[in-house]
Amino acid sequence: MRDKFLLAFRSIKERKARSILTVLGIAVGIAAIVALMSVGYGMEHAITGELTEMADMISVMPGEIRGATYVERGSFTDRDVSDLQRIGGIKDISTMTYDAAKVEYRNENVPIFVFGGDTKELEGFYVDPVGLKEGRWLRENDYKGCVIGDRVANDFFDEVLHVNDKLVINGEKFIVVGVFEKGDMLYSNDVDRNIFLTLRAAKEVLRTDEIKYIIVRVYEIDEAEGIAEEIEERINDNHGLDDFAMAMTMGSMIEMMGDIFNIIRGVLAGIAAIALIVASIGIMNTMLMSVMERTHEIGVMKAIGAKSSDVLSLFLLESSIVSLMGGVIGCLLGWVVAKVLSFLASTASGLEIAAIVKPEVLLGGIAVALIVGVLSGFYPARKASKMSPVEAVRYG
Amino acid sequence: MIHTENLSKTYRMGEVEVQALRDVNLEIKDGEFIAIIGPSGSGKSTLLNLLGCLDKPTSGAVFIDGINTGKLSENALAEIRREKIGFIFQQFNLIHTLNALENVALPMFFAGVGREARLKKAEELLVKVGLGDRIYHKPSELSGGQQQRVAIARSLSNDPEVVIGDEPTGNVDTEAGDAIMDILEGLNRDEGRTIIVVTHDAEIAARAGRTKRMRDGKVLD
């Protein structure tokens, strides 16, 4: 076997340029698979990781998600909230409200969404993941203080807003006590364009008692799904509708994300598979060329006593070595590309995405390369082994 | 011993059928040195290919040691080529990616001889044909005569009973041709091997123990 391997390797070495190109063709295909899968895993981990940190939370909204849009059906009542307090297993309930308000700064008027809620709950929800670049977060008694999102500070007015600037929201004066960092992909919609107030201040300026959003925290994460169902049932009963409220646990959000990622991974694998098919045609072409070019040599080998199976195994070994080299180089290349891609994706999305290069993806990559090599080498190898020695010797 | 019975070979070239060999009956005894001569297209090489089990007859049969080779499988024919016959071609037919030593060792590789044993024997054979100082040279670094001597060494690597040469001196100068014939004569005289040589050079043929003349696919008496 060692001798056959050496003989096959010698012939690969003799056709250096063509062998390198074939190896490269496979390497690119495998690198595409490894890189795309690893970045996919990294993205999934980054997003579900952030959600997992909030696994004890249930978001309750008065409406439903249809396709990609949220359709609001109204608002919650105080009775809804007091009913929720009677459900067992709930640690904490916090209510929030939001609406558009007229915001004035130095004689400039802009409509902006104002968000009000329990300051501790909002802190855990938004300040911890996004962070503040200036000032501090709201305290429960900050009736005249507000914290603004990055776009509110930088884009909405002619001048950039800072801590201690004064805003007039629906006619009431507020002082900016903090400015958010720019939110990443997950948070930019919820944070960047909003102004945050205490619940009491928000109810006052928005002149409403409407509750638009309830965050429930449970003691036991395992019970979250059951509690979410009970929440929906109670609130739907109160409003006489089957689908008034939507209570989503982080678990079901993670599950939803998982489905989306399965689709994304499928698409990425499809793209990589196309690259691989191109590469395998490359191997077959190289091996066929090699068989044609070496017809004479095959004839000589048979004339001096090589069996068809000797010729078949020699050519198969050659294509396997080439594809194995392509597989290994492809894995290394894929690793590097995954790191670069995840760095670029992190920069673009603001989300910290670290490519996860799983050993099974690497081993799979090498295995796929080998299978592709053997399969696409088989036809040329068989063609070579079937040659009649006298015709092959005469050739060339 | 090799003998043929009504050996015929027909090639199809497009629409035309070419009868390269017609009812050839030939007997070659063990230890004989026979030269087959004749003009181009007379069927010499076709006959040699059939005797050497490189090709199968259209009709008739080749018997080697009493076995009808036409009835053998591809693998069995490969085994005969490997164990019983050494082939020398006009074009040398060395494998250009391998050096002289590796070329000579190649038939032993296919016969499953271990690496050390076959390299040792290959070196001995190269010394025997006078190329002891050229064992690591590739074919492209050797002259025509030297390449043919490597090919002779290769043909002897599995210790065959029969050595078949298809115009073995056809591509080398007279001096090298003489040297090659000296080697072949020695193999016949000293080692008792059967030598079958095809040539159209009468001088070469004269060195054989027996000469057979061919014309139009037939062996003349």
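Here is the naming used below: chain letters follow the sequence lines, and residue numbers restart at 1 for every chain. The shown structure was predicted, so the numbers you read here are calculated from the model rather than taken from an experiment.
The shortest heavy-atom contact between B:T194 and B:G31 is OG1-N, 2.9 Å.
Between the CG atom in B:L187 and the CG atom in B:L156 there is a gap of 5.0 Å [rounded to 0.5 Å]. Distance CE/A:M325 to CD1/A:I366: 13.0 Å, rounded to 0.5 Å.
Contact count versus chain B (heavy atoms, under 4.5 Å) is highest, among A:R10, A:K4, A:E391, for A:R10. With chain B as partner, the option from A:G299, A:S308, A:P389 having the largest number of non-hydrogen pairs under 4.5 angstrom is A:P389.
With A:Y41 as the aromatic partner, A:K358 meets the cation-pi criteria of under 6.0 angstrom to the ring centre and within 45 degrees of the ring axis.
For chain A, no part of B:I85 is nearby; none of its heavy atoms comes within less than 4.5 Å. In this structure, chain A has a heavy atom under 4.5 Å from the side chain of B:E102, while its backbone stays farther away. Heavy atoms of B:Y11 lying under 4.5 Å from chain A belong exclusively to its side chain. Residue B:N49 touches chain A through its side chain alone, counting heavy-atom pairs closer than 4.5 Å.
For B:K120 and B:E124, the salt-bridge test passes: some basic side-chain N is under 4.0 Å from an acidic carboxylate O.
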